[in-house]
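Before any comments, here is the structure.
Here is the naming used below: chain letters follow the sequence lines, and residue numbers restart at 1 for every chain.
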Amino acid sequence: MKSEPPTPRFAAEVLVTWFRKEGRELPWREPDVSPWHILVSEIMLQQTPVSRVAPVWQQWVTRWPLPSTMAAESPATVVRAWGKLGYPRRALRLHDCARTLAEEFDDQVPSDIDVLLTLPGVGAYTARAVACFAYGQSVPVVDTNVRRVIARAVHGQAEPGNPSTNRDLRDAAALIPEIDGDIFSAALMELGAVTCTARNPDCARCPLPHCAWVAAGRPPYEGPPRKTQGFAGTDRQVRGRIMDVLRTASGPVDRSRIDAAWLTDTTQRDRALLSLLTDGLVEQTMDGQFALVGEGES
DNA sequence: GAAACGTGGAC
DNA sequence: TGTCCAAGTTT
């Protein structure tokens, strides 16, 4: 007899059960982790792998137990503690966020998605991740993993097309069960992170009772080539070099130290430095030296 | 919607 | 060795 695809409800129960048994024991998933610390983990995890986030997050939890304790620090201190997680503007925004929470939210992280969205560095993903993981709300949480799982299991495509927040949220919302919706959202992400991965999806271990992509014979991705972002020789690399000099230094440095960080193209070097000043990551001191913003404040 | 934005591990 | 990829947000 012909077997129908299982109902979404059935698939959801299977996935929730799988997650409870197989889900990774990540430090921010431990009981009694505060919403503030979950928010910190989510910001750090934006485009940065779990393995690199974990040790830094552990230090931050101990060092800054409340938004107000972080807000009391200079931006330079926070950016330096951010280390080499990448995209240091995130550290700056998180510091801003801490200040906002301390001053306007009584040191508490709001639970309402629309309020969360007003916080610096908090976008469509992070707002829902906090609502779901910190407050147990049954809401769709769409990251790159979820988009990939839905592309495969639901749409039968090897890879998702270009992101579309509204469409992606609708897709994910349609799958959420009435019971354990928060666990389900976490499970969907986890499946994409550990099993339904970008490179070598481990279909043999997939708990889903039905996958449209597998049913179609795992056809290769058909669609416009996705834009790959280079790095070597870009302004981003130069910014990274300059930030590394400033993070490593204990205080303001001479212009010559900045210049030594990128010798091949002085125009590009100047442009990168200017962009760091514009971003508010770097500042120039009265005597013409350069430093992480707020260096010497606290 | 496109482009910019770090860093390092894996293949 | 070079490309791909990682719990996205902002402009």
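For Leu246(A) and dG6(B), the CG to C1' distance is 15 Å, given to the nearest whole Å. As a whole-Å value, the separation of Ile43(A) CD1 from dA6(C) C1' is 16 Å. Straight-line distance from the CG atom of Asn145(A) to the C1' atom of dG8(C): 12 Å, rounded to whole Å. Atom CG of Leu92(A) and atom P of dT10(C) are 13 Å apart (whole Å). For the pair Leu119(A) CG and dG8(C) P, the computed distance is 18 Å after rounding to whole Å. Note: CD (Glu159(A)) to P (dA6(C)) measures 10 Å, nearest angstrom. A straight line from CD of Gln268(A) to P of dC5(B) spans 10 Å, rounded to a whole angstrom. One can place CD of Gln47(A) at 13 Å from C1' of dT10(C), the figure rounded to the nearest angstrom.
Distance check on atom C1': dG8(B) versus dT1(C) gives 15 Å, rounded to whole Å. The gap from the C1' atom of dC11(B) to that of dA7(C) amounts to 23 Å, rounded to the nearest Å. Distance check on atom C1': dC5(B) versus dA6(C) gives 14 Å, rounded to whole Å. Taking atom C1' on both nucleotides, dT11(C) is separated from dG1(B) by 12 Å, rounded to a whole Å.
Of the N and O atoms on the side chains of Arg90(A) and Thr48(A), at least one donor lies less than 3.5 Å from an acceptor on the other residue.
Here Asp235(A) does not pair with Arg269(A) in a salt bridge; the nearest charged N to carboxylate O distance is not below 4.0 Å. With salt bridges taken as basic N to acidic carboxylate O contacts below 4.0 Å, none links Asp254(A) and Arg257(A). A salt bridge is absent between Arg128(A) and Glu42(A); no separation between the charged side-chain nitrogens and carboxylate oxygens falls under 4.0 Å.
Here the side chains of Gln46(A) and Tyr87(A) are not in contact, with every heavy-atom distance at 4.5 Å or above.
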Practice item. Please step through salt bridge (charged side-chain N to carboxylate O under 4.0 Å, His left out) for the pair Arg241(A) and Asp244(A), ending with a clear verdict. Key: CA-CA 5 Å; Arg241(A) 291 283 183 81; Asp244(A) 193 45; over 6 Å; no
Exercise for review: Mind running ring pair (Phe, Tyr, Trp, His ring centres under 6.0 Å) on Trp60(A) and Trp82(A) for me, showing each step along the way?
Suggested key: CA-CA 9 Å; Trp60(A) 283 43; Trp82(A) 188 259; 5.7 Å; yes
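One finds no side-chain N or O of Ser275(A) lying less than 4.0 angstrom from the OP1 or OP2 phosphate oxygen of dA4(B). Look at Arg167(A) and you won't find any side-chain N or O under 4.0 angstrom from OP1 or OP2 of dG1(B). Close to dA7(C), at under 4.0 Å from its OP1 or OP2, lies no side-chain N or O of Arg90(A). Look at Lys84(A) and you'll find a side-chain N or O under 4.0 angstrom from OP1 or OP2 of dG8(B). Thr228(A) has a side-chain polar atom (N or O) that falls below the 4.0 Å cut-off from OP1 or OP2 of dC4(C). Distances shorter than 4.0 Å separate none of the side-chain N or O atoms of Gln46(A) from OP1 or OP2 on dA7(C).
As judged by a 4.0 angstrom heavy-atom cut-off over every strand, Gly86(A) is placed among the base-contacting residues. Across all strands shown, Arg128(A) has no heavy atoms under 4.0 Å from either base or sugar-phosphate atoms. Heavy atoms of Val141(A) sit nowhere under 4.0 angstrom from any nucleic acid atom. Within the 4.0 angstrom heavy-atom criterion, no nucleotide atom of any strand lies near Thr197(A). Nucleic acid contact for Ala124(A): sugar-phosphate only, since backbone atoms but no base atoms lie under 4.0 Å from a heavy atom of the residue. At the heavy-atom level, Leu26(A) lies under 4.0 Å from base atoms of the strands shown. At the heavy-atom level, Gln229(A) lies under 4.0 Å from base atoms of the strands shown. Heavy atoms of Trp28(A) sit under 4.0 angstrom from at least one base atom. Within the 4.0 angstrom heavy-atom criterion, only backbone atoms of the sugar-phosphate kind lie near Ala198(A); the bases stay farther away.
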Output side-chain donor-acceptor pairs under 3.5 Å for residues 212-223 of chain A, partner residues at least two apart or in another chain, one line each.
{"residue": "Trp213(A)", "atom": "NE1", "partner": "Pro219(A)", "partner atom": "O", "Å": "2.8"}
{"residue": "Tyr221(A)", "atom": "OH", "partner": "Pro224(A)", "partner atom": "O", "Å": "3.2"}

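Checked against dA7(C), dG6(B), dT10(C), the side chain of Phe231(A) finds its nearest nucleotide in dG6(B). When the nucleotides dT10(C), dG8(C), dA6(C) are ranked by their closest atom to the side chain of Thr126(A), dG8(C) comes out on top. Taking every side-chain heavy atom of Arg226(A) into account, dC5(C) is the closest of dA7(C), dC5(C), dG6(B). Here the nucleotide nearest the side chain of Asp143(A), chosen from dG8(C), dT10(C), dG6(B), is dG8(C). Of the listed nucleotides (dG6(B), dA6(C), dT9(C)), dT9(C) has the atom at the smallest distance from the side chain of Tyr125(A).
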For nucleotides 9-11 of chain B, print each protein N/O atom paired with a nucleotide N/O atom at under 3.5 Å, atom names and distance only.
{"residue": "dG9(B)", "atom": "N2", "partner": "Arg199(A)", "partner atom": "NH2", "Å": "3.4"}

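For the side-chain contact (heavy atoms from CB on, under 4.5 Å) criterion with Val146(A), the lone passing option out of Leu188(A), Leu191(A), Leu169(A) is Leu188(A). Of the listed residues (Asp279(A), Leu92(A), Leu276(A), Val282(A)), just one forms a side-chain contact (heavy atoms from CB on, under 4.5 Å) with Val293(A), and that residue is Leu92(A).
Comparing Asp235(A) and Pro163(A) against DNA chain B, the residue whose closest nucleotide sits nearer the 5' end is Pro163(A). Along DNA chain C, the nucleotide closest to Arg24(A) and the one closest to Pro120(A) are compared, and the more 5′ of them pairs with Arg24(A).
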